[in-house]
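Just so we're on the same page: letters track the sequence lines, and every chain starts at 1.
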There are 2 protein chains.
Amino acid sequence: MEIHEPELREVPVTVVLAALADDVRLQIVRTLAEGGEYACGTFEFGVSKATRSHHLRVLREAGLTRTRVAGTSRYVRLRREEIDRLYPGLLDAVLSRAAPAVTS
Amino acid sequence: MEIHEPELREVPVTVVLAALADDVRLQIVRTLAEGGEYACGTFEFGVSKATRSHHLRVLREAGLTRTRVAGTSRYVRLRREEIDRLYPGLLDAVLSRAAPAVTS
DNA sequence: ACCCTTGTTCGACAATACTCGAACAAGGGC
DNA sequence: GCCCTTGTTCGAGTATTGTCGAACAAGGGT
């Protein structure tokens, strides 16, 4: 299957920002920012797998992640270098802000 | 009339990002980033004044702008210092990206 | 061959968000 | 007092988004 993975530089800035403007996707990005690859199933943030698949697609089509197919699994990783090159400071700024409180 | 102007630090990061994830609002922010105050009517970006008022409210309630009432006018300015303090690099990163092409 | 795991896609639904015209509110100028 | 300017609010329409269950696709293991 063909995976649609645009170049970050070709994605409108509003699309990039919108991709990051969601709690579930931000949690995914936080995990990805630890570095390395993660199977989709890693991201258990209280949504169904259909929803998770949707969010991963939004991130991918925003040019923020890259996906490698291996067997029945797909491994996702953050395109850190490109993001930092095109949007220096963006990721750090966003991730340094406290995660939304789960309790309280 | 009371103007609702939350502290930026109390606004969830997703709300801040969503506020910036719109072409019209990004154009407004680009103008505001030039510095100084602008009357609401300054922002003529092809939308009705009702829509413009809506976008300015979104920016204000995201903690990104401050509004001063003077007569029948309202003067808006960017809360640059707070934004740069809480999200260092964010504004520069977003604004340095090319504005969406009007032609082509 | 069969099943299990992993993940995507397809409706469908509810909730938001963007947009507008019209009505309204508040000042300023004459 | 009257009108014009500036801007907000309301109601409505349309589009987009987040969510899910169910169905589907593709591999791997046994």
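Listed by chain and residue number, B/Arg66 satisfy the side chain to side chain donor-acceptor pair (under 3.5 Å) test with B/Glu5 (two or more places apart in sequence, or in another chain). Taking A/Ser96 as the reference, nothing meets the side chain to side chain donor-acceptor pair (under 3.5 Å) condition, with sequence neighbours excluded. Partners of B/Thr72 under the side chain to side chain donor-acceptor pair (under 3.5 Å) rule, at least two apart in sequence or in another chain, do not exist in this structure. A/Glu61 meets the salt bridge (charged side-chain N to carboxylate O under 4.0 Å, His left out) test with A/Arg57; sequence neighbours excluded. Residues passing the side chain to side chain donor-acceptor pair (under 3.5 Å) test with A/His55, sequence neighbours excluded: A/Arg25.
Residue-to-nucleotide proximity on DNA chain C shows that, of A/Ser73 and A/Arg57, the 5′-proximal contact is made by A/Ser73.
In this structure, CG of B/Leu17 is placed 16 Å from C1' of D/dT17, rounded to the nearest angstrom. A/His55 places its NE2 atom 16 Å from the P atom of C/dG7, with the value rounded to the nearest Å. When rounded to the nearest whole Å, the span between CZ of B/Arg74 and P of C/dG27 equals 10 Å. Counting to the nearest Å, the P atom of D/dT8 and the CZ atom of B/Phe43 are 11 Å from each other. Distance A/Leu26 CG to D/dT17 P: 17 Å, rounded to the nearest Å. When rounded to the nearest whole Å, the span between CG of A/Asp23 and P of D/dT17 equals 17 Å. When the C1' atom of C/dG27 is taken as reference, atom OH of B/Tyr75 falls 12 Å away, rounded to whole Å.
Within 4.0 Å (heavy atoms only), A/Ala18 reaches no atom of the nucleic acid at all.
Non-hydrogen atoms lying under 4.0 Å from DNA chain C are contributed by B/Gly46, B/Val47, B/Ser48, B/Ala50, B/Thr51, all within residues 44-51 of chain B.
Across C/dC18, C/dT8, C/dT6, the shortest atom-to-atom separation from the side chain of B/Arg25 is found for C/dC18. The side chain of A/Cys40 lies closest to C/dG7 when the candidates are C/dG7, D/dT9, C/dC18. Closest to the side chain of B/Arg60, from the set D/dT8, D/dG7, D/dG18, is D/dT8.
Under 4.0 angstrom from either OP1 or OP2 of C/dT8 there lies no side-chain N or O belonging to A/Arg52. A sub-4.0 Å separation between OP1 or OP2 of C/dC20 and a side-chain N or O of B/His54 is absent.
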Output a table of donor-acceptor pairs, distance under 3.5 Å, between side-chain atoms of residues 6-21 of chain A and any protein atom two or more places apart or on a different chain; print 'none' if there are none.
none

Enumerate, atom names and distances included, each donor-acceptor pair closer than 3.5 Å involving a side-chain atom of residues 39-46 of chain A, sequence neighbours excluded.
from: A/Thr42; atom 1: OG1; to: A/Ala39; atom 2: N; distance (Å): 3.3
from: A/Thr42; atom 1: OG1; to: A/Ala39; atom 2: O; distance (Å): 2.6

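A/Arg30 contributes atom CZ, which lies 6.0 Å from atom CG of A/Leu95 (distance to the nearest 0.5 angstrom).
Contact between B/Pro88 and B/Arg85 at its shortest, heavy atoms only, is CD-O, 3.6 Å.
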Protein-nucleotides 25-30 of chain D N/O pairs under 3.5 Å:
none

